[in-house]
Amino acid sequence: MNVRDTSKEAFVDLKEKGVVSRQSQSILNLMKKNQDYSMQELSKATEFGINAVSARCNELKKSGHLIENPKRKCSITNRTVNPLKRVA
């Protein structure tokens with residue numbers, strides 16, 4: 001078994017236990033309407049690792065819960081980012 005297989009198994013295990021959906025819901029609950037967030041800002045606010053935030057945000061974008069806003073500077077990294085905004 002290689003690292004990729006192990007990662008896939010871990011993801012499936014987390015998904016079956018509901019951790020993935022809890023993390024996604026935590027991110028959505030944190031986000032205020034009409035405000036956008038960088039992934040680093042979400043990571044800091046939720047205390048989830050950036051990898052978890054990135055994965056959950058990608059899932060939420062694919063499911064139509066999040067959209068990208070126009071580029072701006074991240075308040076944490078000062079880098080230009082495509083911030084995310086909650087749809088509803």
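Keep in mind the model is a prediction, meaning the values are calculated, not measured.
Note: Met39 CE to Thr46 OG1 = 12.0 Å, rounded to the nearest 0.5 Å. Atoms CD and CD, from Glu59 and Gln23 in turn, are 9.0 Å apart once rounded to the nearest 0.5 Å. Distance check: Asn69 CG to Asn34 CG gives 9.5 Å after rounding to the nearest 0.5 Å. Once rounded to the nearest 0.5 Å, the distance linking CG of Asn78 with OG1 of Thr80 reads 8.0 Å.
A side-chain donor-acceptor contact under 3.5 Å links Ser26 to the backbone of Arg22. When atom types are taken as modelled, the side chain of Ser43 and the backbone of Phe48 share a donor-acceptor pair closer than 3.5 angstrom.
Hydrophobic clustering (side-chain heavy atoms under 4.5 Å, transitive across Ile, Leu, Val, Met, Phe, Trp, Tyr) groups Ile50 together with Leu30.
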Would you sort out whether Thr77 and Ser38 count as a side chain to side chain contact (heavy atoms under 4.5 Å, CB included), showing the intermediate values?
CA-CA 10 Å; Thr77 65; Ser38 73; over 6 Å; no
Show your reasoning for whether side chain to side chain contact (heavy atoms under 4.5 Å, CB included) applies to Lys61 and Ile67.
CA-CA 6 Å; Lys61 284 193 301 185; Ile67 58 171; over 6 Å; no
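The heavy-atom pair separating Ile27 from Arg56 by the smallest distance is CD1-CB, 3.6 Å. Across all their heavy atoms, Glu41 and Ser75 have their closest contact at OE2-OG, 2.7 Å. Contact record, Ser63 with Leu60: OG-O, 3.2 Å, taken as the closest heavy-atom pair.
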Distance-only donor-acceptor pairs under 3.5 Å for side chains of residues 81-88, two or more places apart:
{"from": "Arg86", "atom 1": "NE", "to": "Ala88", "atom 2": "O", "distance (Å)": "2.6"}
{"from": "Arg86", "atom 1": "NH1", "to": "Leu28", "atom 2": "O", "distance (Å)": "2.5"}

